[in-house]
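What follows is a short report on a single structure.
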Amino acid sequence: MSDTPAASVMDAIVSLCKRRGFIYPASEIYGGIRGFWDYGPLGVLLKNNIRDDWWRNMVECPPIGPDGQPVEIVGLDSAIIQHPKVWHASGHVDSFNDPMVDDRETKGRYRADHVKVLVPRDGQGNSFAFVEDREAAEKKIKRDARRNPTDYDEVILTTLPPEAYARVVGPDTRTPGTLTEPRAFSLMLDTYPGPIRDEDNKTYLRPETAQGIFLQFKNVVDTTRVKVPFGIAQVGKSFRNEVTPRNFIFRSREFEQMELEFFCPPDDALMWYEFWRAQRMAWWQSLGIDPSHLCYRDHDADELAFYSKATVDIEYKYPFTAPGFGELEGIAHRGDYDLSQHAKHSGQKLDYFDQDLQLRLKEQGTSAEEIKTRSRYVPNVIEPSSGLTRGVLVLLCEAYRRDESRPSGEYLAFKPSLAPVKVGIFPLVNKEGMPEIASKLYMDLRQKYTCEFDAKQSIGKRYARMDEIGTPYCVTIDGDTLKDQTVTVRDRDSATQQRINIDQVGSYLNERLSG
RNA sequence: GCGGGAGUAGCUCAAUGGUAGAGCUCUAGCCUUCCAAGCUAGAUGUUGCGGGUUCGAGUCCCGUCUCCCGCUCCA
């Protein structure tokens, strides 16, 4: 990428995406709607190409496991809307509803349940709030209230009645009464299935596809021949009320995820976590992303969800985070949290009887009692969860090139197999039999590849157009084709040409576009 | 949600309170034997939206929406 400032690189990418039909603002003719984007003719091709590659490498041709055998993964497409109890069981209703308070004076914002308050025991005078720095609050007590901190009790802000807020001094100010009352931030989008809008009907648009997988774990085990360890993969839309949708499609309120829930025996969970951690990085690199633009970020212990034993993010160096990185995929060791939660809330048994393990333990001479307890368990889950729409953004950022020496000035260097359009087919001149030959070649190639036939304007303009949308190859029929059946194939990245026989075009493309 | 900046053709941008423009793109035709060539013609605007001030508003004022930057948030 050039040394242009990050903002201008992003602006150029956003502009190119609209100009050439990759991504448009949603509802644009009505002024747009915050956090939503539409994928245009080329955008949907690019997105589908990433999705199909993921599906192929997960479900149809999964990687080879640690034991040398291909891992077993099946697909699923669950509903976006599920029973409301699902989201209580999963923890989303509680954890996605953090009450927040704002400080009108300092413009700070705090999670209300993280704010603690020192309240005078005799009820006289102001109270002093703090988040972590209790000493600062005590200092204010001594200096501003001229009292002893031991005269105060520590309470959580949310336990105070609303009328008490007027006498609370915010964490980063010395004036009382600047804090707003806690406001709930619901990070899930509500919906009311059924013709009558009734609070009893209230449920949510899923904030992740994963829960649908857990809900069908039992059905998949009972109705297909899978055996633990195995995975269930799903691609689909998810919805979150992000406080601040920002950075093009990076953080939007409707987005698309590619998630795998991999179920394994508790004893092997750490091994599978390491396995997927490596596999997922390898997959992103296989899409043509420069390894130096990707990194792992292990979550610190205090950052982990309470049920997670380990979580790592795969991050990408986006133009708007550079030189830092931003999240692309998370791989979480979720323990047995999800299945246990749903077992508890639904009253259904979601454990698994492991016959293979039973047999192995028997061979090892384990006691009958131990075999019994160890071969029935709630599987642990390793969850590689990636953003498909973030993947689109990453490939656009990664492919974007500036080259002033080119007619187009900029082009997209997608890995050929992922490019929205694979081949441009042009008659050099729109006469003398060339259009007919080009048209015939187009009709032939379109059976296998996304192709564009273009006979308009100068050849340079046509090449430039193809550069801008990232088409890796252009086949041109010229005067020589009429004499010796040869055509030129132009390579996008080098802008050089090669002359081959028209009959070899299919195999030429085959070699370069498969994988 | 807060603060700052911005919004004019598909894109990039002009226009002292006085007739809304340019370049590129795009379309049609001519021309053209390899990199946005040339010629001709054409299309695209309720100046984000809604009010107000004014004889007259793209321009000034108010509201609102969207985008960008910084906070905040992102189990």
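Nothing here was measured: the structure is a model prediction, and the numbers come from that model. Chain naming here is simple, since letters A, B, ... match the order of the sequence lines and numbering starts at 1 in each.
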So, does the side chain of [X] form a donor-acceptor pair with the base of [N] at under 3.5 Å?
X: A:Gln457; N: B:A28; value: no
X: A:Arg20; N: B:A36; value: yes
X: A:Arg490; N: B:C35; value: yes
X: A:Thr244; N: B:G1; value: yes
X: A:Thr488; N: B:C34; value: yes
X: A:Glu242; N: B:C73; value: no

For residues 404-414 of chain A, which side-chain donor-acceptor pairs fall under 3.5 Å, sequence neighbours excluded?
| unit_1 | atom_1 | unit_2 | atom_2 | d |
| --- | --- | --- | --- | --- |
| A:Ser405 | OG | A:Asp403 | OD1 | 2.6 |
| A:Ser405 | OG | A:Asp403 | OD2 | 3.4 |
| A:Arg406 | NE | A:Asp403 | OD2 | 3.3 |
| A:Arg406 | NH1 | A:Asp467 | OD2 | 2.9 |
| A:Arg406 | NH1 | A:Arg492 | O | 3.0 |
| A:Arg406 | NH2 | A:Arg492 | O | 2.8 |
| A:Arg406 | NH2 | A:Asp493 | O | 3.0 |
| A:Ser408 | OG | A:Glu410 | O | 2.7 |
| A:Glu410 | OE1 | A:Tyr400 | OH | 2.3 |
| A:Glu410 | OE2 | A:Arg19 | NH2 | 2.7 |

Between A:Gln257 and A:Ser238: side-chain donor-acceptor atoms closer than 3.5 Å: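 Looking only at side-chain atoms, A:Ser238 and A:Gln257 do form a donor-acceptor pair, the distance falling under 3.5 Å.
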Distance-only polar pair, side chains of A:Ser385 and A:Glu208, donor-acceptor under 3.5 Å: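 A:Ser385 vs A:Glu208: no donor-acceptor pair found between side chains.
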Which base, if any, makes a Watson-Crick or G-U wobble pair with [N], both distances under 3.5 Å?
N: B:U8; result: none
N: B:C31; result: none
N: B:G3; result: B:C69
N: B:G42; result: B:C26
N: B:G58; result: none

Whether [X] contacts [N] is assessed here as follows: a side-chain N or O lying under 4.0 Å from the phosphate OP1 or OP2. Is that the case?
X: A:Ser15; N: B:U12; result: yes
X: A:Lys18; N: B:C11; result: yes
X: A:Arg465; N: B:C26; result: yes
X: A:Lys456; N: B:G29; result: yes
X: A:Ser458; N: B:U32; result: no

Parallel, tilted or perpendicular, as decided by the 30° and 60° cut-offs, for the rings of A:Phe262 and A:Trp272: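 The arrangement is tilted - the two ring planes meet at 30° to 60°.
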Whole angstrom value for the distance that separates P of B:C34 from CZ of A:Arg406: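 Checked: the CZ to P distance equals 19 Å.
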Atom-pair distance (CZ on A:Arg19; P on B:A9), nearest Å: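 So the two atoms are 15 Å apart, to the nearest Å.
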Whole-Å P distance, B:G29 and B:C11: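 Nearest-Å result for B:G29 against B:C11 at atom P: 26 Å.
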Check: A:Tyr318 ring centre within less than 6.0 Å of A:Tyr316 ring centre: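 Yes; A:Tyr316 has its ring centre under 6.0 Å from that of A:Tyr318.
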Return the polar atom pairs (N/O with N/O) between nucleotides 39-41 of chain B and the protein under 3.5 Å, or none.
none

salt_bridge(A:Arg297, A:Glu327) N-O dist < 4.0 Å: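 Result for this pair is no, no salt bridge flagged.
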Donor-acceptor under 3.5 Å (A:Arg462 side chain, A:Gly424 main chain):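 No; judged by distance alone, with no hydrogens or angles, the pair does not exist.
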Could you list, one pair per line, each protein nitrogen or oxygen that sits under 3.5 Å from a nitrogen or oxygen of nucleotides 63-67 of chain B, together with the distance?
| unit_1 | atom_1 | unit_2 | atom_2 | d |
| --- | --- | --- | --- | --- |
| B:U66 | O4' | A:Gly31 | O | 3.2 |
| B:C67 | OP2 | A:Arg34 | NH1 | 3.2 |

